[in-house]
Every structure is written in structure tokens, then in C-alpha cells.
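Here is the structure we will look at.
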Amino acid sequence: MFRRLILFVKSNLRKKANDKDGNNKEKDEKIIMEKKEEQKVKTQKKTVARSKTKKDSGKPYYDNRELSWLKFNKRVLEEAADRNVPLMERVTFADIFTSNLDEFFMVRVGSIHDQMLVSNSKRENKTNMTASEQLDAIFKATRELLKKKDRVYFELMDEIKQHGVELVNFKNMKKEDAAYLKKYFYESVMPLLSPQVIGKKQPFPFLNNKDIYAVALLGTKSSEKLCIVPCSNGLFKRLVSIPSDSHKYILVEELILHFMPEIFDKYTVKSKSLIRIIRNADIDVDDAFSDEELDYRDSMEELIRIRRRLCPVKMEYSRVLDEKVIRSLCKELKLNKEQAFYSESPLEMSFVYSIQDVLRGNRELFYNRRVPQISFAVDENRSMIAQIEEKDLLLSYPFESMSSYLRLLNEAVHDERVVSIKMTLYRVAKNSQVVEALIDAAEHGKEVVVMVELRARFDEQNNIEWSRRMEEAGCRIIYGIDHTKVHSKICLISYSENNQIKHISQIGTGNYNEKTSKLYTDLSLMTSNEEIALEVAETFNKICMAQVMDKTEHLLVAPKCLQSKIIDMIDQEIEHVKNGEEGYIGVKFNSLTDKTIIDKLVEASQAGVKIDMIIRGICCLVAGVKGYTDNITVQSIVGRYLEHSRIYIFGTPDRDKIYISSADFMTRNTLRRVEVATPIYDEDIKARLRHMFRIMLNDNIKARVMDSNGEYHKKEIVGEPLNSQEYFFAESYGEIKG
């Protein structure tokens with residue numbers, strides 16, 4: 001039923017069968033090593049041979065997707081190390097780095113691991129690496145990042161100590177504090193523990209994804225055994241206060257680890273550590289449940305349960321462990337030793353938010369408070385529908401408030417002219433005002449049709465719960481298209497006026513999520529343009545019929561009408577250069593992996609088209625490579641707010657076509673998802689987007705520029721310092737005239 005799981009199980013069964021012949025084990029291992037060496041030589045020869053062919057995909061302007069993502073997470077870690085960032089915000093970046101890395105291993109490393117099990121001969125299409133080669137490179141880069149994270153963490157904790165808050169250990173603790181903690185351990189912790197000594201009648205337990213466990217090698221006169229104690233049962237406070245100073249703490253897992261000799265008092269503790277595992281989360285509901293007669297929503301709930309038990313892809317440990325313990329743990333978890341990572345800093349960093357709460361009164365340790373403002377383009381005393389009928393409106397989050405869009409939605413709920421509201425939902429807030437408005441609309445007798453994408457990874461449960469609530473209120477719920485996620489952000493409000501149906505379309509770059517609208521930069525267009533509305537309606541109707549758009553005149557709609565139109569517009573810029581005119585492309589998005597688009601951008605660069613790209617995360621194109629990407633610049637902005645808006649500009653200001661979009665230039669977005677980009681026809685909004693793009697290009701505080709080796713460097717500050725995110729907030733406050 002679960003293809004990847006079955007392949008993994010079969011692989012392990014074959015291994016076990018080969019191990020049955022104990023007498024030939026050494027001989028077998030020798031043969032295996034020889035075979036591996038032969039295969040390594042063959043692989044090297046094949047790589048050299050490929051590099052000599054014209055069809056070789058390992059060109060100098062390509063970077064590997066996974067390694068490029070790790071460079072992005074390095075930039076996040078650099079924010080944690082940047083002393084110009086307030087101290088308590090730096091610890092947030094340290095936690096973001098850790099949670100980012102967790103998700104990367106769960107999704108991307110999990111996927112590559114699956115691919116390796118199926119076929120390791122297949123090579124990715126840019127840097128020509130096999131799955132195992134990619135994993136080796138990922139593991140090497142991860143070790144380097146974890147060393148850097150350890151250094152940053154201890155620097156942060158030293159600075160936090162100067163403000164009176166400290167994490168302590170038993171080495172530097174007062175006797176009375178140690179005595180208190182021993183009493184606390186026996187009374188409040190020990191009774192809630194579930195220790196286990198591994199043996200024939202006590203098999204190795206299932207370890208939950210991302211939970212922390214204390215492990216030890218126990219010795220007796222005649223044997224050694226492994227033991228495990230869960231430290232993340234949700235019943236303990238993570239930070240345990242020290243009585244002599246209320247601002248001194250010890251992590252509960254460190255407390256448990258310290259008292260392992262007390263827990264296993266019949267043994268000698270020879271080696272001990274804290275461990276944490278990351279499990280594969282790469283499972284496709286369309287593949288997994290294609291033959292099941294389950295309701296789709298029930299299938300998603302089953303997927304969530306299965307995901308919790310998928311195979312481990314990474315183990316972290318926090319002490320120098322005996323080699324026997326590492327080997328034993330890896331064997332039980334079916335991991336290679338390369339998948340075990342040593343970390344001196346805590347294995348999970350969310351406790352830093354409790355420290356932030358303690359120091360909340362020290363305002364200099366935090367960013368200055370910024371609140372999203374009502375857009376200057378919005379009149380709060382007039383109907384939103386009436387304003388949009390007169391002129392298109394653009395909201396820029398988090399600088400401008402999402403409340404204007406919520407007002408439009410709630411106005412539609414109570415406006416008797418409104419007959420229907422249709423919307424696609426990908427990720428919504430836990431207490432979503434958007435969903436509440438849709439429920440109200442259904443209860444007011446409006447037709448409400450909502451496409452809920454249950455496959456929004458790690459948000460499935462939230463979406464399942466909201467879909468049930470909306471369905472109970474009378475909304476019509478649909479779940480999209482098999483093997484094609486619906487990632488577009490579209491809303492269509494239809495109303496009747498003078499016996500004529502009119503529409504308000506909203507098309508955005510980000511989710512309908514009030515929480516992230518205060519944390520992510522996104523754009524939201526609201527327009528009464530009927531030509532756009534007709535294509536929004538058709539896009540929605542196609543989704544309802546499990547189909548996709550085959551043709552568009554205005555919108556760019558993936559998977560069939562986005563990539564091809566992007567290529568056409570790049571070709572148009574090439575033609576302008578050939579005709580002796582200036583060619584220009586400016587794009588901003590999260591990631592660039594689409595090889596077809598990359599190759600066309602390289603062609604444009606070689607033709608002389610000037611290309612500026614602002615890409616927050618993955619970029620598989622290397623800028624500034626002589627003869628290939630000389631005319632391309634790439635920069636990444638990593639700062640207080642997560643850059644999430646997508647802007648496409650094709651052409652010089654006198655003739656440019658400008659779009660905002662839900663789509664990155666990734667193959668999954670351009671060819672395997674329903675994505676929507678809308679053209680901007682309003683000249684004032686076009687001018688505003690050009691201005692925003694120019695300000696981001698000139699950012700010299702939070703922007704890093706890519707060099708011709710694919711590495712990123714902060715800009716040298718020439719002239720006035722410019723932090724684009726702070727600039728846009730100053731604009732929204734009226735402190736700067738845009």
C-alpha cells in the first residue's frame with residue numbers, strides 16, 4: 001500500500017537475510033567493501049565521461065538544490081550571530097535555524113533517502129549528483145553548520161548571562177541548589193519517567209520524531225546494556241528554576257541525564273548522552289491511498305498517523321558517546337553512522353521563548369514595536385467594494401494591515417447584493433477570521449465554495465478541522481486535484497447590481513493567514529477588472545472539476561499556462577536586445593529550481609538582457625559566471641520578516657509587464673501545482689511595485705549578494721544604510737514619502 005515503506009522494508013529484509021550466515025560475515029563484508037570500491041571507481045569514471053559530453057548537466061552556472069537550501073539556512077544562522085540584531089531576536093533566529101533544519105531533513109533528506117532506496121543511479125538534473133552523493137554532501141555541510149550553531153549558541157548564552165538569566169549545570173552549582181534539584185528530581189520528575197533497559201524482553205522502543213531521550217551504556221560485572229529514558233512527555237517544565245536565583249535554570253533533560261546513575265542504581269553508567277531523532281515525513285497521500293476506499297479527509301488523517309512512524313533519517317546526540325553506543329543506536333534505528341550528528345548545544349531550542357518572556361521588560365533586547373498600518377490607499381469610512389470598483393487596491397504585508405481585506409470579506413457577508421464567495425485555502429491561522437467570515441457567509445445564505453488544500457505539509461490537521469467546521473455550516477468544500485496541489489491564493493466575490501453580475505477578485509502571493517500576514521512580506525491585489533474575474537472564475541471552476549486551465553489571456557496559471565508564458569516573455573526581452581534596445585527582467589520570489597527557466601535566463605544573459613533577481617532561499621543558478629550569467633545578479637534578503645512576496649517584471653519601465661504571484665520558479669510550482677500570477681494594470685500600483693523592487697535591490701543591511709562561486713556575502717555599505725523592511729514600515733507610518 002505504501003510504496004516507499006514497502007521498498008524500505010524489502011531492503012532491510014534482504015540485509016537481514018544476508019546476515020544469517022554468521023560464519024561468512026567477515027568474508028561478506030570484505031566482498032561488499034570491494035564491490036563498493038569498484039562502484040566508486042565506476043561512478044568517478046562515469047562522472048568524468050559525462051563532464052566531457054555536450055549534454056552534461058553539470059554546467060558551471062548550476063548549484064545543487066539541497067546545498068543551496070543549506071546556504072540559505074546559514075544566512076538565517078548569521079542573523080543569530082549578528083550583533084546588530086537585538087539579543088532576544090537573535091535567539092529566535094537560532095531556533096528558526098534549528099526548526100528549519102528539522103523540516104529539511106524530514107522532507108528533503110527523507111525524499112532523497114527514499115530515492116536512494118529505489119535507485120541510486122538516477123542523477124539530479126543540474127549538478128549531476130546521485131542520491132547518495134547528495135546525502136554525503138548534505139551530511140558534510142550539516143556538520144559544519146552545527147559547529148557554527150554551537151559557537152553562536154554559547155555566545156548568545158554568554159550575552160544573556162550578562163542580563164541576569166543563565167542556564168547552569170551541576171559543575172558550577174551551589175551545594176544547596178544541587179540538593180534542591182535532587183529532591184525536585186525524586187519528587188516531581190522520577191515518578192513520571194518511563195526508563196527502559198534494552199534486552200530480549202525489553203525491545204528497543206519506538207522513538208517519537210523530535211522528542212528528546214536520555215541514553216546510557218550500563219555496565220555490570222558480566223555485560224553491558226543500553227538504556228533509554230524519554231525526556232519529552234509533556235508533563236515536565238522544560239526550564240527548571242534554581243532556588244538561589246529565580247533567573248537561573250537547568251533544562252529538564254539535563255537534570256534527567258545527570259541523575260541517570262540514580263535511575264539505574266544497580267548498574268554502572270559508563271557513557272551517557274541526550275539524543276533526538278528526525279523521521280522521514282515524505283509521504284504522498286495520492287500515492288499512499290490511491291487504492292483505498294477512504295474519504296479523502298480520512299485519508300489525510302491516516303497519513304498524519306503514518307508519518308509519525310516513518311523511518312528515521314537523522315540522529316543528534318549532545319555528549320561524546322562511546323562508539324559502541326553510537327553503533328548500537330544506529331543499528332536499532334537503521335541509520336548509517338554518517339546520519340548521527342554531534343551537537344554541544346541543546347538539541348531543541350524552543351525554550352528560548354521562555355527566556356524571552358523573562359527579559360520582556362528590557363525593550364532594548366527586542367526589535368522596536370511595529371504594527372501593520374491601514375493602507376493610505378484605503379478609506380476606512382467607505383465601502384471596500386465601492387472603492388475597488390473605482391480603482392484597484394494593493395496591500396503590502398506586514399507593513400499594511402490585512403484588516404482591509406477582512407473588511408472586504410465581512411462586507412460581502414452582509415451585503416445583500418453578494419450571491420457567492422469562492423476561495424482557495426492553503427494555510428490558515430489557528431483562530432482564522434477568514435474562515436469565520438466564510439462560515440458567516442454560508443449561514444447568511446450565500447453560496448460559499450472553498451477549495452481546501454489538505455496537503456499543505458504539517459498544516460493538514462488544522463485544515464482538516466476547519467474543513468469540517470465549514471462543511472457543517474453549509475459551505476461546499478472541495479479538495480483539489482490528484483497529484484496537483486492547489487497553491488494559488490484567489491478569492492472571487494460575485495454580486496448582482498442592476499440585473500448584472502459583477503465581481504471583485506482578490507489575488508495574492510501569500511496565505512489567508514492573519515498571523516503570518518504580520519510576519520511575512522506578501523502582496524494582495526483587489527480588483528474589479530471583469531476580464532481578470534472571468535479567468536479567476538474559470539480557474540476555480542476547473543479546480544472543482546479536477547481540471548486545470550489550458551489557455552489564459554491575462555492570468556498566468558500553472559501547471560499549463562505559467563512556465564510557457566514566462567519563457568515567452570524572456571524571449572521577448574532577448575528580441576529587444578537583438579533589435580538594439582534595452583532588455584530587462586526583475587524577479588523576486590522564494591526559490592529558483594526550474595531548469596527550463598534557468599537555462600532560458602542564462603540564454604537571456606548571454607544575449608545581453610540585464611536580470612536582477614531577489615531570491616530568499618534556494619537558487620540553483622549561480623550569478624556572475626563568465627560567459628554564462630555575467631548579466632545576472634542574485635541577492636537574498638533575510639531579516640526581521642520572512643520575504644514571501646513574488647514579483648515578476650519583464651521589460652523596461654516604459655513598456656514593462658508586471659505580475660504578482662503565488663508561484664516561485666520551482667518545477668513543483670510551475671508544472672505540478674495550480675498557481676496564479678495576476679498582471680498589474682493600474683499604473684499607480686505598477687509604479688509602486690517598481691519602487692519597492694528598487695528599494696529591495698538597494699538594501700545594504702539585510703541583503704546578501706551571490707558571487708560567481710555561489711556563495712553569499714553581505715554588501716559593503718556605501719552611502720546611506722538601507723534596511724528595506726524598515727524602510728517600508730517607515731513608509732506605512734508616513735515617516736517617508738514613497
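Bear in mind the structure is a predicted one, so any value in this text is a computation, not a measurement.
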Interatomic spacing from OG1 in Thr424 to NE2 in His487 - rounded to 0.5 Å: 9.5 Å
Under a 4.0 Å N-O cut-off, is there an ion pair linking Arg108 with Glu66? yes
Side-chain (Ser467) to main-chain (Ile464) donor-acceptor, under 3.5 angstrom: yes
Could you tell me if Asp95 and Tyr353 have a donor-acceptor pair between their side chains, going purely by distance under 3.5 Å? yes
Looking at residues at least two apart in the chain, or sitting in another chain, which of them share a salt bridge (charged side-chain N to carboxylate O under 4.0 Å, His left out) with Lys314? Glu316
Audit row: Arg382, Glu390, salt bridge (charged side-chain N to carboxylate O under 4.0 Å, His left out) steps and yes/no: CA-CA 12 Å; Arg382 292 185 61 210; Glu390 290 177 4; 2.8 Å; yes
From Ile507 CD1 over to Ile490 CD1, what is the distance, rounded to the nearest 0.5 angstrom? 7.5 Å
Under 6.0 Å from the six-membered ring centre of Tyr712 and within 45° of its axis: does the NZ or CZ of Arg75 meet both? yes
Relative to the ring of His444, is the ring of His414 parallel (under 30°), tilted (30 to 60°) or perpendicular (over 60°)? perpendicular
Please work out which of the three classes, parallel, tilted or perpendicular, describes the rings of Tyr648 and Phe665, given edges at 30° and 60°. tilted
More than 12 heavy atoms of other residues, nucleotides or ligands under 6.0 Å from CG of Asn431: yes or no? no
Specify whether Tyr681 and His554 have parallel, tilted or perpendicular ring planes, treating 30° as the upper limit for parallel and 60° as the lower limit for perpendicular. perpendicular
Taking the six-membered ring of Tyr426 as reference, does the NZ or CZ atom of Lys489 fall below 6.0 Å from its centre and within a 45° cone about the axis? yes
If you take all heavy atoms of Ile493 and Leu408, which pair is closest and at what distance? CD1-CG, 3.8 Å
Please name all residues satisfying salt bridge (charged side-chain N to carboxylate O under 4.0 Å, His left out) with Arg668, sequence neighbours left out, ordered by chain then number. none
Donor-acceptor pair, side chain of Ser528 and main chain of Ile388, under 3.5 angstrom: yes
Tell me whether Trp466 contacts the main-chain N or O of Gln461 through its side chain, where contact means a donor paired with an acceptor under 3.5 Å. no
Test of understanding: with ring pair (Phe, Tyr, Trp, His ring centres under 6.0 Å), list the residues that count as partners of Tyr405, not counting sequence neighbours. Tyr512
Run the salt-bridge test on Arg646 and Asp664 with the 4.0 Å N-O cut-off and return the result as yes or no. yes
Judged by atom type as modelled, is there a donor-acceptor pair below 3.5 Å linking the side chain of Asn529 to the main-chain atoms of Glu531? yes
Taking the basic N atoms (NZ, or NE/NH1/NH2) and the acidic carboxylate oxygens, is any pair closer than 4.0 Å for Lys565 and Glu675? no
More than 12 heavy atoms of other residues, nucleotides or ligands under 6.0 Å from NZ of Lys515: is that the case? no
Under a 4.0 Å threshold between the charged nitrogen and the carboxylate oxygen, would Arg276 count as salt-bridged to Asp211? no
Say you draw a straight line from OG1 of Thr521 to OH of Tyr397; how long is it, rounded to the nearest 0.5 Å? 12.0 Å
So does Pro372 get a backbone contact from the side chain of Glu400, meaning a donor-acceptor N/O pair under 3.5 Å? no
More than 12 non-hydrogen atoms from neighbouring residues, nucleotides or ligands closer than 6.0 Å to CD on Glu416, yes or no? no
Check: Val428 main-chain N/O paired with Ser432 side-chain donor or acceptor under 3.5 Å: no
Hey, does the side chain of Ser232 reach the backbone of Ile212 with a donor-acceptor pair shorter than 3.5 angstrom? yes
Assess the residue pair Asp440 and Lys446 against the criterion (salt bridge (charged side-chain N to carboxylate O under 4.0 Å, His left out)); give the C-alpha distance rounded to whole Å, side-chain angles, the decisive distance to 0.1 Å, and a yes or no. CA-CA 9 Å; Asp440 284 350; Lys446 315 288 187 188; over 6 Å; no
Kindly indicate, with the supporting measurements, whether the criterion side-chain contact (heavy atoms from CB on, under 4.5 Å) is fulfilled by Lys149 and Leu77. CA-CA 7 Å; Lys149 185 201 98 168; Leu77 189 58; 4.2 Å; yes
Electrostatic pair Arg476:Glu471 at N-O distance under 4.0 angstrom: no
Output all residues satisfying salt bridge (charged side-chain N to carboxylate O under 4.0 Å, His left out) with Glu643, sequence neighbours left out; order by chain, then residue number. Lys588
Charged N to carboxylate O under 4.0 angstrom, Lys422 versus Glu447? no
Gap between atom CD of Glu731 and atom CD1 of Ile695 - 0.5 Å precision: 6.5 Å
If you measure from OG on Ser488 to CG on Leu562, what distance do you get to the nearest 0.5 Å? 11.0 Å
So does Arg370 pair up with Glu726, basic N to acidic O under 4.0 Å? yes
Are there over 12 heavy-atom neighbours, none belonging to Lys210, within less than 6.0 Å of that residue's NZ? no
Between Val152 and Ala81, what is the shortest heavy-atom contact and its length? CG2-CB, 3.8 Å
With a 4.0 Å cut-off on N to O distance, would you call Glu436 and Arg469 a salt bridge? yes
Salt-bridged, Asp699 to Lys702, with N to O below 4.0 Å? no
For a quick test of reading the model, state the closest non-hydrogen atom pair linking Gly617 to Ser68 and the distance between them. O-OG, 4.2 Å
Run the numbers on Met613 and Leu592 for side-chain contact (heavy atoms from CB on, under 4.5 Å), then give the verdict. CA-CA 10 Å; Met613 298 199 288; Leu592 171 63; 3.8 Å; yes
Answer with yes or no whether the side chains of Gln373 and Ser375 bring together a donor and an acceptor at under 3.5 Å. no
Does Asp379 have any salt bridge (charged side-chain N to carboxylate O under 4.0 Å, His left out) partners at least two apart in sequence or in another chain, and if so, which? none
Restricting to non-hydrogen atoms, name the atom on Thr667 and the atom on Asp594 that form the minimum distance, rounded to 0.1 Å. OG1-CA, 3.5 Å
Report the C-alpha separation of Ser354 and Gln356 in whole Å, then their side-chain angles, then the decisive distance to 0.1 Å, and conclude whether the side chain to side chain donor-acceptor pair (under 3.5 Å) test is met. CA-CA 5 Å; Ser354 296; Gln356 286 180 339; over 6 Å; no
Any sub-3.5 Å donor-acceptor pair from Thr670's side-chain atoms to Met666's backbone N or O? yes
Residues passing the side-chain contact (heavy atoms from CB on, under 4.5 Å) test with Glu411, sequence neighbours excluded, are Ser383, Met384, Ile385, Arg407
Are the side chain of Ser636 and the backbone of Arg616 linked by a donor-acceptor contact shorter than 3.5 Å? yes
Ring-plane angle category for Phe399 and Tyr641, please: parallel below 30°, perpendicular beyond 60°, tilted otherwise. perpendicular
Would you compute the distance between atom CD1 of Ile278 and atom CG of Leu310 and round it to the nearest 0.5 angstrom? 13.0 Å
Could you give me the CA-CA distance, side-chain angles and deciding distance for Glu453 and Leu425, then say whether side-chain contact (heavy atoms from CB on, under 4.5 Å) is met? CA-CA 6 Å; Glu453 182 51 84; Leu425 293 182; over 6 Å; no
Might you work through the side-chain contact (heavy atoms from CB on, under 4.5 Å) test for Thr516 and Lys518, ending with a clear yes or no? CA-CA 5 Å; Thr516 58; Lys518 298 174 183 177; over 6 Å; no
